[in-house]
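Here's the structure, in structure tokens; my notes come after.
Along the sequence shown, the residues carry numbers beginning at 1. Start at 1 and go down the list; that is how both ligands and their atoms are numbered.
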Amino acid sequence: MTGATDRALVSALHGPLLEQTGAFRGNALLLTGPARVGKLGVALAVAAQHNCTGVRGMYGDACGGCPSCLALAAGAHPDVLVVEPRATTTTGKAARRKLIPIGAVLEARDKAREYETHVFEFLEVRPTFARRVVIVNGAEHLGPEAANALLKLVEEPPHGALFAFLAEDLRSVLPTIVSRSARLSVAPASDRALEFALAQSGAPADAALVEFAAGRAGVLSDHAAVTAALSSAAEFTAALEGGLLGALEAAEALEKSWDAGWHPEALRFTWRALPPHARAKADTALDALQAALEAYASPSLSFQVFALNLRDALGDA
Ligand SMILES: [Zn+2]
């Protein structure tokens with residue numbers, strides 16, 4: 001899905017919220033809401049609002065056609081920096097704990113060169129358009145040193161920069177950040193609003209996708225990956241109804257297409273109609289698979305064990 005369709009989705013789903021953010025004149029916003037509800041999309045729309053030079057939409061949303069809006073849609077806006085916890089370490093293995101370290105804020109402290117752009121250095125430079133915007137995607141993962149360094153910048157932002165802190169749960173964000181930010185919550189949308197937004201963005205109607213999304217606009221933005229995970233989960237589950245050899249082949253196919261971001265949820269969605277005891281067994285098998293993958297166990301063996309355990313669970317249904 002392109003930046004332009006994302007923009008249409010965000011405006012359709014969060015118009016009234018954008019009305020507030022467009023008029024915001026403070027230094028820091030704290031956007032809270034469930035995972036994938038669309039907080040990043042809203043934050044990018046806010047960055048667009050504060051840099052747009054075109055004619056605004058009905059909610060004061062950005063025009064979508066001016067040089068700033070086009071740069072943002074292309075994912076190459078010079079004034080927008082998204083800071084996120086590192087999902088992988090330099091060795092390429094999955095990180096056991098998510099953290100935004102001080103190295104994300106100060107280049108001199110980024111010994112492992114984990115971050116390409118650092119907040120402090122980014123804010124030293126004047127905005128190319130109107131306002132530099134730093135989006136901290138996962139404010140609950142800020143380490144204490146990183147949070148303290150950021151607070152100084154939030155209090156006196158160089159060149160009037162704007163901070164947007166995103167978090168799932170307000171209670172997990174450091175109180176010093178919460179107290180310096182204007183709080184807004186990003187609420188899940190209704191199924192009808194999601195269907196409407198999907199149509200607005202030019203995507204075909206997809207009832208399963210809307211049901212799976214359960215109000216989370218961020219799911220629609222990752223449309224292709226979600227659809228792929230849903231069909232692979234359905235194929236995998238169906239293959240387990242056959243013989244043992246088919247189950248092992250299905251395990252291999254699942255391992256190849258595995259997307260840790262979407263597959264676990266897509267599998268659970270596929271089992272939603274199973275009787276409770278069978279679903280509980282299936283969930284246990286999936287938890288064991290995820291734990292094995294995180295512990296760097298042999299992936300092919302882990303997927304085979306998962307397929308056999310799940311086959312067993314489905315046999316109980
Ligand atoms: Zn614009």
Note to self: Please tell me whether F236 and F306 form a close aromatic pair, meaning their ring centres lie under 6.0 Å apart.
What the structure shows: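 Between F306 and F236, which both carry aromatic rings, the centre distance is below 6.0 Å.
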
Next item on the list: Could you tell me whether Y59 and H14 have their ring centroids closer than 6.0 angstrom?
Entry: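 Between Y59 and H14, the centre distance exceeds or equals 6.0 Å.
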
Closer than 4.0 angstrom, basic N to acidic O: yes or no for [X] and [Y]?
X    : Y    : result
E265 : R216 : yes
D283 : R268 : yes
E168 : K39  : no

Notebook entry, point to check: Excluding waters, which protein N, O or S atoms are within less than 2.8 Å of the Zn ion (ligand 1)?
Noted result: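 Listed by chain and number: C52 SG, C63 SG, C66 SG, C69 SG.
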
Margin query: Under a 3.5 Å threshold, yes or no: a donor from one side chain and an acceptor from the other, between T21 and Q49?
Written below: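 Yes, Q49 and T21 have a side-chain donor paired with an acceptor closer than 3.5 Å.
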
